[in-house]
Amino acid sequence: MSMRHVILHNFWLKLFSFALATVLWLAIHDSIHDEQANTSLTPEYIRVPVAVKTPPGDKRVFRITPDEVVVTAVGKDPILFQTTQKDIHAVLDLTHFAAKDAIEKLRAESPADIIVLEVLPATVEVQDVSP
């Protein structure tokens, strides 16, 4: 079998297959490139107030110092840019708090698409100022 026969036999079918494979490769390559471009590797710093969690019916009044913290978060750019203070929370759990003054650790809550790297400061001073 000659080389000319191998190339020219079913030439249009071979040309169509090559063109289709090229289009599919370009679509997949472009999709992968877009996905990588939408991922933020730069952390976003968001200032959020400290939310206090107490047991139901607890009438105690607390003074939290500081009352705002900075949350460092990463995620996909479109989602991260739409994130507001309402979406990310720095929670102070005082459900089992019995002391008058203490230093307590904060816990960060965020949507599933956002990863919280750090809360600064990680602890806050709590004072029970109830009468």
How would you list, by chain and number, every residue that makes a side chain to side chain contact (heavy atoms under 4.5 Å, CB included) with [X], sequence neighbours excluded?
X: Val70; result: Tyr45, Arg47
X: Pro56; result: none
X: Leu15; result: Phe11, Trp12

Review point. Restricting to pairs with a member in residues 99-131, which pass ring-ring contact (aromatic ring centres under 6.0 Å, His included), not counting sequence neighbours?
Key: none
Review point. Which ring-ring contact (aromatic ring centres under 6.0 Å, His included) pairs, counting each pair once, include a residue from residues 109-131, with sequence neighbours left out?
Key: none
Check your understanding: Is Val69 close to Leu106 at the side-chain level, that is, under 4.5 Å between some pair of heavy atoms?
Key -> yes
**Study point:** Beyond-backbone contact of Asp30 with Leu26, side-chain heavy atoms, under 4.5 angstrom
**Key:** no
Exercise for review: Determine whether more than 12 heavy atoms belonging to other residues, nucleotides or ligands lie under 6.0 Å from atom NZ of Lys53.
Suggested key: no
Practice item. For Asp67, check side-chain hydrogen bond (donor to acceptor under 3.5 Å, both in side chains) against everything at least two apart and list the hits. Key: none
Practice item. Output all residues satisfying side-chain hydrogen bond (donor to acceptor under 3.5 Å, both in side chains) with Thr95, sequence neighbours left out; order by chain, then residue number. Key: Asp93
Point to revise | Same apolar cluster: Val91 and Leu94, side chain cutoff 4.5 Å | key: no
Check your understanding: Side chain of Thr54, backbone of Asp58: donor and acceptor closer than 3.5 Å?
Key -> no
Point to revise | Expected output: side-chain Ser17 to main-chain Leu13 donor-acceptor under 3.5 Å | key: yes
Practice item. Working to the nearest 0.5 Å, report the span between CG of Asn10 and CZ of Phe16. Key: 13.5 Å
Check your understanding: Does Trp25 have any ring pair (Phe, Tyr, Trp, His ring centres under 6.0 Å) partners at least two apart in sequence or in another chain, and if so, which?
Key -> His29
Practice item. Can you sort out the partners of His5 under ring pair (Phe, Tyr, Trp, His ring centres under 6.0 Å), two or more places apart, ordered by chain and number? Key: His9
Practice item. Please report the closest heavy-atom contact between Pro43 and Val74, naming both atoms and the distance. Key: CA-CG1, 3.7 Å
Point to revise | Contact summary for Ser110 and Ile114, nearest pair of heavy atoms | key: OG-O, 3.1 Å
**Study point:** All pairs passing salt bridge (charged side-chain N to carboxylate O under 4.0 Å, His left out) where residues 98-108 contributes a residue, at least two apart
**Key:** Arg107-Glu109
Please report, to 0.1 Å, the donor-acceptor pairs under 3.5 Å made by any side chain of residues 116-129, with sequence neighbours excluded.
residue, atom, partner, partner atom, Å
Glu125, OE2, Gln127, NE2, 3.2
Gln127, OE1, Arg63, NH1, 3.2
Asp128, OD1, Ser130, N, 3.1
Asp128, OD1, Ser130, OG, 2.8

Study note, to complete from the structure: Grouping ILVMFWY residues whenever side-chain heavy atoms fall under 4.5 Å, the cluster of Val23 otherwise contains none
